[in-house]
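We name chains A, B, ... by the order of the sequence lines, and we start the count at 1 in each one. Values in this document were obtained by computation on a predicted structure and should not be read as measured data.
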Amino acid sequence: MAGDPTATDAPYRVTLEHADGGGTAVVRARADESVLEAAERADVALPFGCLTGACATCTAELLAGSVEHRREPRGLKPRHRDAGYVLTCIAVPTSDCRLRVGSDVAGELTTNPWR
Amino acid sequence: MSDTEHGSDPAHGHDHEHDHEGPGYATPQAAIEESDPEGLAYVMGLYVGTDVDAPDFLAVVDLDPDSATYAEVVDRVEMPNRGDELHHFGWNACSSSCHVGGLERRHLVVPGQRSSRLHVIDAADRREPELETVIEPEEVFDEDLSAPHTVHCIPDGQILVSMLGDADGSLPGGFLELDETDFSVDGRWEAPGEIEMNYDFWYQPRQNVMVSTEWAAPETYYPGFDLDDVEAGRYGRQLHVWNWEEKTVEQTIDLGEEGMIPLEVRFLHSPVSTHGFVGAALSSNVFHFHEAESTPGDGPGRYEAEKVIDIEAREHEDWDMPVPGLVTDLLVSMDDRYLFFSNWLHGDVRMYDISDPANPRLADRIWAGGIYGPDHPIDGEREVVAGPQMLQLSLDGERLYWTTSLFSSWDEQFYPEEGEQGSVMLKADVDPRRGSMTLDQDFLVDFGEMPAGPARAHEIRWPDGDCTSDVWQ
């Protein structure tokens with residue numbers, strides 16, 4: 001695609017697997033670019049909300065590779081972080097990585113507590 | 001009669017301490033007598049938190065029974081961004097400014113609960129409103145506030161918005177004041193430190209009082225409901241009684257274990273009343289509050305709150321724990337005679353006689369959707385998966401409408417089909433003389449049938465004032 005960043009200025013290959021079986025997209029992330037920003041730049045729509053790490057609407061599961069959160073991912077509890085959930089709005093790839101994305105992933109953070 | 005039409009119509013001068021030249025009605029009774037039946041509704045429509053690649057929108061719903069498009073969404077105003085979570089919204093002006101000539105009820109202030117972006121929609125053309133301006137999240141964060149919720153116009157051309165978090169989505173929340181003349185951010189309304197948690201508020205200016213309620217920090221409730229957060233004390237259970245003029249909390253009332261998560265708060269409409277109601281959503285109780293004792297000076301007196309309606313949790317064979325009703329919305333009729341509220345989990349909407357406000361009397365109820373109500377409350381119509389939630393009542397008290405979505409992430413926990421199938425808007429015909437309600441079998445607005453995909457539907461407003469907007473000085 002014309003205008004696509006080259007591997008040089010967008011070093012990381014980010015594979016986005018849709019949780020609901022909606023297919024896989026591969027985007028390239030620039031240094032310091034969040035997963036969500038990289039996806040948006042490639043016209044891959046992911047869910048999001050506050051964009052500050054508080055709301056967890058953009059939750060994804062990191063399946064391979066590494067990311068660093070720009071700031072505290074406050075919408076994720078310790079048990080979520082330990083289970084590999086990340087917030088794409090503030091998660092910056094630090095290697096090639098593979099994530100499970102889509103609205104179903106945020107839905108896994110909480111269940112009906114009475115049922 | 002439209003507020004954008006009558007302007008300074010001298011026919012609307014009434015027996016009131018001010019001449020009625022501005023928007024709204026001179027008294028609550030005038031609203032009942034002078035208003036036309038609502039010809040359309042504005043409803044918040046949402047895609048946030050789904051895989052639908054579209055922004056949230058303001059829906060215009062045709063409510064004219066003689067129209068060919070009755071009970072259909074006839075226009076949608078899309079927001080410029082995705083991810084807002086449109087939730088509650090309000091007018092730039094209401095009956096509290098009815099003495100202000102030249103002011104019109106014309107602009108809707110539509111906040112994004114998750115994005116902290118505030119949209120201003122020009123509804124001069126009631127059927128085809130247009131986005132006018134946007135206050136971006138950064139301007140809100142600059143005031144160390146986030147998560148806008150309730151919008152009330154306040155007298156003299158200002159707009160007040162309850163804010164549930166600080167710029168990080170943590171506590172404390174506060175209030176944001178907007179300038180009605182240009183919809184710019186005026187700044188934080190109160191001095192920081194008056195409250196920690198925030199949610200809804202209602203002011204009763206003649207009593208110089210405001211009452212605010214508590215949900216939780218945005219970072220707590222945004223991702224979903226977690227009982228661990230309740231046990232850790234991260235959910236609210238207090239009412240705050242404010243000196244309206246001074247913008248200070250004079251009294252904080254702890255509602256206790258039976259008052260967990262007090263959400264919507266409504267004073268009676270009569271400006272002389274100090275009585276009101278609040279629904280404690282999690283505890284599924286309704287509290288009545290009132291000024292029990294006046295105190296010297298201009299401030300509000302000492303308020304008391306007591307539980308007056310207790311919704312018992314019910315056993316269900318598929319649930320490990322009894323199912324709470326979840327009283328998520330309530331409203332008071334314009335004549336102050338009836339309280340309506342929703343049990344979002346149980347699936348019923350109730351009507352109580354509050355002619356003795358300390359002793360509400362169940363008058364009627366309707367079951368529609370929810371855990372215990374019929375999945376198909378209207379024969380031959382689509383399934384209703386969630387219970388009654390946001391309510392709105394006609395000014396004359398004869399038509400009650402409701403939608404079924406609570407909050408995207410909480411819907412997903414309790415009614416995951418709501419996002420997949422979209423919400424509905426239903427209606428009951430109310431007889432305010434007999435104290436009865438009947439589900440209208442000919443009215444269902446299907447938000448599952450929107451062009452971009454199934455949408456959730458939340459708060460409802462009428463073009464010319466409603467039972468949860470208007471306040472009288």
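Using a 4.5 Å cut-off between heavy atoms, A:His80 makes no contact with chain B at all. In this structure, the portion of A:Glu40 lying under 4.5 Å from any heavy atom of chain B is its side chain and not its backbone. Neither the backbone nor the side chain of A:Leu76 comes within less than 4.5 Å of any heavy atom in chain B. Contacts between B:Asp228 and chain A at a heavy-atom distance below 4.5 Å involve the side chain alone, from C-beta outward. Residue contact with chain B, scored on non-hydrogen atoms closer than 4.5 Å, involves the backbone of A:Thr111 exclusively.
Results of the side chain to side chain contact (heavy atoms under 4.5 Å, CB included) test with A:Pro47 over B:Val52, B:Asp51, B:Asp53 single out B:Asp51 as the only residue that passes. Considering A:Glu72, A:Arg74, A:Lys77 in turn, A:Arg74 is the only one that fulfils the side chain to side chain contact (heavy atoms under 4.5 Å, CB included) rule with B:Glu219.
Of the inter-residue distances, the one linking B:Asp226 atom CG with A:Arg79 atom CZ reads 4.5 Å to the nearest 0.5 angstrom. A distance of 8.5 Å separates CD in B:Glu85 from SG in A:Cys55, rounded to the nearest 0.5 Å.
Of all heavy-atom pairs spanning B:Arg82 and A:Leu46, the tightest one is NH2-O, 2.7 Å. The heavy-atom pair separating A:Trp114 from B:Leu345 by the smallest distance is CZ3-CD1, 4.0 Å. Nearest heavy atoms, B:Gln413 versus A:Pro113: NE2-CD, 4.3 Å. Of all heavy-atom pairs between A:Gly75 and B:Pro223, the closest is O-CG, 3.3 Å. Scanning both residues, A:Ala54 and B:Gly169, for their nearest heavy atoms gives CB-CA, 4.4 Å. Across B:Trp319 and A:Arg115, no two heavy atoms sit closer than the pair NE1-CD, 3.9 Å.
The residue among B:Pro324, B:Ala217, B:Ser115 with the most heavy atom pairs within less than 4.5 Å of chain A is B:Pro324. Chain A forms more heavy-atom pairs under 4.5 Å with one residue of B:Trp410, B:Tyr221, B:Phe141, B:Tyr222 than with any other, namely B:Tyr222. When the candidates A:Asp104, A:Asp20, A:Thr57, A:Leu109 are compared by the number of heavy-atom contacts under 4.5 Å with chain B, A:Thr57 comes out ahead. The most heavy-atom pairs under 4.5 Å with chain A, out of B:Val48, B:Asp318, B:Thr220, come from B:Asp318.
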Would B:Asp168 and A:Arg71 count as a salt bridge (charged side-chain N to carboxylate O under 4.0 Å, His left out) if you check the C-alpha gap in whole Å, the side-chain angles of each, and the deciding distance to 0.1 Å? CA-CA 10 Å; B:Asp168 290 329; A:Arg71 54 192 292 193; 2.5 Å; yes
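Annotation for B:Arg188: atom CZ counts as buried by contact number, over 12 foreign heavy atoms lying within 6.0 Å. No more than 12 heavy atoms of other residues, nucleotides or ligands lie within 6.0 Å of CD in B:Glu312, so this atom counts as exposed by the packing criterion. Residue A:Glu68 places its CD atom among 12 or fewer non-hydrogen atoms of other residues, nucleotides or ligands, all under 6.0 Å distant.
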